[in-house]
Chemist: 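Supplied in structure tokens, the structure appears directly below.
Remember, it's 1-based here, ligands and their atoms both numbered in the order they're listed.
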Amino acid sequence: MNLMDVVGLMTSLSPRESVDAVLTASARSTNLYGHGLGMIASENIISPNVKRAINTDLHGRYAEGLPGKRYYQGCDDFDTIEDIGINLAKKVFRANFANIQSISGTVSNIGALKALAKPGDSITAVSTADGGHISHARMGAVGVRDLNVSTYPWNEERMEPDIDASCALIREIQPRITLVGQSVFLFPTPLKELADAAHEVGSTVMYDGAHVLGLIAGGVFQDPLREGADVMTGSSHKTFPGPQGGFLLSSSEDEAFHRRLNNAMFPGVCSSYHLHHVAGKVVAMAEFEAFGQAYATDIVRNAKKFGESLASEGFDVLAESRGYTASHQVLTRHGDIDSGAGAVAAKRLEEAGIITNMNMLPGDTKAMNPSGLRLGVQELTRVGMGVNEMAEVASLYARILIHDEDPKSVREDVKHLKSDFQYVQYCFDSESMPAYEGM
Ligand SMILES: Cc1ncc(COP(=O)(O)O)c(C=O)c1O
């Protein structure tokens with residue numbers, strides 16, 4: 001139940017009541033995930049030391065510019081943090097350039113688009129209907145930069161751009177930017193072929209790794225900066241398990257190009273860049289250096305097992321011919337195109353404490369009435385669930401969505417399963433702080 005239904009005071013809260021309502025709602029949300037199964041593919045939880053790093057005085061400070069070249073005093077210690085972070089980002093993502101200031105994946109994209117193109121230029125991208133992100137479309141960042149977008153023909157069977165037709169499109173349009181990467185991201189993009197076509201016509205290749213950044217850093221998905229991407233953007237809080245924020249990375253060794261990328265971030269699209277989150281990102285990168293390869297490997301293994309288990313429970317899981325997934329995501333179809341069956345399934349799961357999101361699948365045209373679900377296992381993996389638990393979670397889905405059991409009766413079993421997984425793994429000092437509690 002929504003908290004407002006409980007307090008019933010939508011318009012008449014006193015200042016004190018508003019404070020209490022916010023704190024109560026935050027605690028309830030924490031409780032929901034602590035006792036439930038967080039399976040939204042774009043989310044994750046942070047480690048105890050990342051929590052410590054973001055809960056400092058840095059949350060209120062400014063540091064415009066780059067380490068050693070600031071517009072304000074008082075930045076010496078933060079310079080140390082950002083310097084460590086830039087070096088770690090180059091190492092962890094195997095990049096020649098890293099800017100770690102971006103406050104989100106979308107802001108990283110706006111910055112990259114600003115550095116790489118002028119208003120009126122053209123860009124190619126995956127359509128939102130095929131899983132591209134809104135920031136790749138005219139309604140989002142691409143529109144903010146006033147770029148003309150053409151979308152790749154899509155291979156539904158393989159769930160990736162139709163390579164021959166997409167290369168032909170790139171050669172015909174000669175876009176300023178060839179943008180690849182999606183929000184629905186089951187398999188690595190055949191990047192080399194697209195990058196060859198792009199570079200042939202002088203286009204810059206931008207890879208949006210928001211979702212799969214942790215898998216890339218862990219060496220289990222693809223290696224965009226060695227497969228032809230000139231620039232890679234991403235979020236710091238999806239499969240890469242840091243606080244909310246973004247990265248801007250490049251394979252280029254050209255210092256003038258690095259300056260363009262840095263300038264696009266500041267003064268381009270950030271002034272304050274949330275220094276506490278930068279500190280958290282740096283801790284997350286250090287922990288990733290130590291534990292990330294194992295984490296990324298386990299995510300993909302769990303996702304494959306989850307896809308197989310759902311299929312054997314009787315679900316229609318997409319991309320069967322390719323083993324369902326090579327990432328953290330699994331897609332399921334719950335009814336006809338545009339039927340809204342995905343929305344109904346997501347609501348029933350939520351009643352059982354399983355948090356997912358409805359998603360458009362190939363053929364769907366209505367974002368609010370899609371036929372599918374997009375499911376991510378990165379958070380469950382992070383609290384230590386393995387392949388046995390993936391099979392168990394699939395059977396909970398089946399009880400709710402196939403055998404029509406009352407979700408409320410399944411909720412107790414969800415809670416029981418989750419009770420054994422209350423600490424973030426793949427990090428230092430795991431048991432020093434429970435995963436789902438504040439600081
Ligand atoms: C492919 C892609 N790019 C960019 C973003 C935006 O990331 P953020 O939410 O960090 O702004 C997302 C978000 O899910 C995404 O899926």
Chemist: Please identify each residue that fulfils salt bridge (charged side-chain N to carboxylate O under 4.0 Å, His left out) with Asp298, with sequence neighbours left out.
Modeler: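 For Asp298, the residues satisfying salt bridge (charged side-chain N to carboxylate O under 4.0 Å, His left out) (neighbours in sequence not counted) are Arg301.
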Chemist: Sort and list the pairs that fulfil side-chain hydrogen bond (donor to acceptor under 3.5 Å, both in side chains) and have at least one residue in residues 86-95, not counting sequence neighbours.
Modeler: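 Non-adjacent pairs meeting side-chain hydrogen bond (donor to acceptor under 3.5 Å, both in side chains): Lys91-Glu289.
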Chemist: So does Glu82 pair up with Arg70, basic N to acidic O under 4.0 Å?
Modeler: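 Yes, Glu82 and Arg70 are salt-bridged.
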Chemist: Taking all non-hydrogen atoms of both residues, which atom of Asp336 and which atom of Ser371 are closest, and how far apart?
Modeler: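 Smallest heavy-atom distance, with atoms named: O-CB, 3.3 Å.
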Chemist: Check salt bridge (charged side-chain N to carboxylate O under 4.0 Å, His left out) between Glu200 and all other residues, then give those that pass, not counting sequence neighbours.
Modeler: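 In terms of salt bridge (charged side-chain N to carboxylate O under 4.0 Å, His left out), with neighbours along the sequence ignored, Glu200 is linked to Arg171.
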Chemist: So if I only count non-hydrogen atoms and take anything under 4.0 Å from ligand 1, which residues does that give, chain by chain?
Modeler: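 Residues within 4.0 Å of ligand 1: Ser104, Gly105, Thr106, Asn109, His133, Gln182, Ser183, Asp208, Ala210, His211, Ser235, His237, Lys238.
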Chemist: Do the side chains of Leu113 and Val142 get nearer than 4.5 Å, heavy atoms only?
Modeler: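 Answer yes - side chains close enough.
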